[in-house]
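Right, one structure below, let's go through it.
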There are 2 protein chains.
Amino acid sequence: MAAGETRAQIVEVADRLFYERGYEHTSFADIAAEVQISRGNFYYHFRTKDEILDAVIRRRLENTQAMLDGWEDERAGPGDRITSFIQILIVNQAKIMAFGCPVGTLTSELAKLGLPSQAGATGIFSLFRHWLARQFALLGHGAEAADRLAMHLLARSQGVATLASAFHDKAFVEAEVQDMCAWLDAQAPDPIRLQ
Amino acid sequence: MAAGETRAQIVEVADRLFYERGYEHTSFADIAAEVQISRGNFYYHFRTKDEILDAVIRRRLENTQAMLDGWEDERAGPGDRITSFIQILIVNQAKIMAFGCPVGTLTSELAKLGLPSQAGATGIFSLFRHWLARQFALLGHGAEAADRLAMHLLARSQGVATLASAFHDKAFVEAEVQDMCAWLDAQAPDPIRLQ
DNA sequence: TGAAATCTGGGACGTTTGTCCTACAGATTC
DNA sequence: GAATCTGTAGGACAAACGTCCCAGATTTCA
């Protein structure tokens, strides 16, 4: 098999398992079994668990950045782009109700484990934060206000994800998404609303 | 030592360690070391890890109920009581910034582990949910609207806790708390506001 | 073609995990 | 005072963990 291919498969499976089972509760053997390689081969690509975690976080950073860039290309107005962010809760509803938000739950777990990779996981949050802040700035808000709005929206979506996985309540998620969209509509400071 | 005393100490330490390190990352040996008892003695009181988890969840249910009951006695109006709930984020700020919300992070972890105790952890959320809903009902909202408001506020505080532990941003927590209090002020449906 | 580099499989290591057993100390009861 | 019950200590167990080594298979390239 090609050089990077096995490695990429490992990272992809690890990414999924870390999300579904948690980092600590996922073992080398679990990942190797799903990729269908031996533990020895695994060790050739990743020598420690921290290395896999770093690779997974890097992968998530790249995927997140790509998703945000994609929205920036597809969606004409900043309001529509922010709406795309809010709609993640609908698009990924099934997974979120089962396992929570991938970013939030990983960050929480790493915070308790006290691993240095915690900073990387927070970095994924930062991508969303700064991207959202930029969109709010495009809506006409000053830098400080835009960041506050970004953090506010990020917090709300995190809260919805947490309660969604606790109560498995689809109607609650939909109501909150609608509420966030309505809130967004009210955040255009100038009379020219979302174009 | 008296019968229940050692047992109570075990549950108390386990409660703290499950919060600070996570359930999975806390071992029998960790708890026994902090209580300063032998693993053998530990086994006399709790035969499996699930038993400790159940005891910890029961303890949290009781403590939470006691806290809510206390607010019901101390605080005259439902608005003040809800404010007490929001203020948890300020009172427990240091711990929340370090380890997140005890309820939210435990629920997330158990959801990934697929343990049957997950229902118990969600029960702690339910205590807050129904207590908050009752307060909103006392403010004059119908049962359905009161529950929606309760879930909304619960979600917001969860989101703030998650981002607080990710970014360690004290100012953000304070701004969100202020915002939630302002939001609460606007939720009195009749002209007679919080008394 | 043959040597070198890359990739893979299978097993081994020391440690830690949850779980369990047994022996003993102190109190309680008859 | 003997017998019983309750609480404690310390060690033993198999399994799983992260980590590591090494002998081949495969590919690369001179």
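These numbers were taken from a predicted model, which means no experiment stands behind them. Order of the sequence lines sets the chain letters (A, B, ...), proteins ahead of strands, with each chain counted from 1. The figures that follow rest on heavy atoms only: side chains count, while hydrogens, waters and symmetry mates do not.
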Show your reasoning for whether side chain to side chain contact (heavy atoms under 4.5 Å, CB included) applies to R60(B) and F18(B).
CA-CA 12 Å; R60(B) 291 196 186 181; F18(B) 287 175; 4.2 Å; yes

Contact list for residues 57-113 of chain B, test ring pair (Phe, Tyr, Trp, His ring centres under 6.0 Å), sequence neighbours left out
Y19(B)-F99(B), W71(B)-W131(B), F85(B)-F128(B)

Please report the distance, rounded to the nearest Å, between CZ in F46(B) and P in dT8(D).
12 Å

Atom pair distance, as rounded to whole Å: CD in E5(A) and C1' in dT6(C):
15 Å

Does atom CZ of R148(A) have more than 12 heavy-atom neighbours, drawn from other residues, nucleotides or ligands, at distances under 6.0 Å?
no

Under 3.5 Å, side chain of K95(A) to main-chain N/O of P102(A), donor-acceptor pair present?
no

I10(B) CD1 - dG7(D) P separation (whole Å):
11 Å

Phosphate contact (dC7(C) OP1 or OP2) by N41(A) side-chain N/O below 4.0 Å
no

Hey, does the side chain of Y44(B) come within less than 4.0 Å of dT8(D)'s phosphate (OP1/OP2), counting only N and O?
no

Atom pair distance, as rounded to whole Å: CZ in F42(B) and P in dG10(D):
16 Å

From CD1 of I37(B) over to C1' of dT6(D), roughly how many Å is that when rounded to an integer?
15 Å

Residue-phosphate contact under 4.0 Å: H45(B) side-chain N/O, dT8(D) OP1/OP2
yes

Protein N or O to nucleotides 17-19 of chain D N or O, pairs below 3.5 Å:
{"residue": "dG18(D)", "atom": "OP1", "partner": "K49(A)", "partner atom": "NZ", "Å": "3.0"}
{"residue": "dG18(D)", "atom": "OP2", "partner": "F28(A)", "partner atom": "N", "Å": "3.0"}
{"residue": "dT19(D)", "atom": "OP2", "partner": "K49(A)", "partner atom": "N", "Å": "2.8"}

Stepwise salt bridge (charged side-chain N to carboxylate O under 4.0 Å, His left out) test for E34(B) and R16(B)
CA-CA 11 Å; E34(B) 291 235 5; R16(B) 204 189 78 240; 2.7 Å; yes

Examine the side chains of D80(A) and T83(A) and answer whether a donor and an acceptor come within less than 3.5 Å of each other.
no

Quick one: is T6(A) getting a side-chain N or O under 4.0 Å of the dC7(C) phosphate, OP1 or OP2?
no

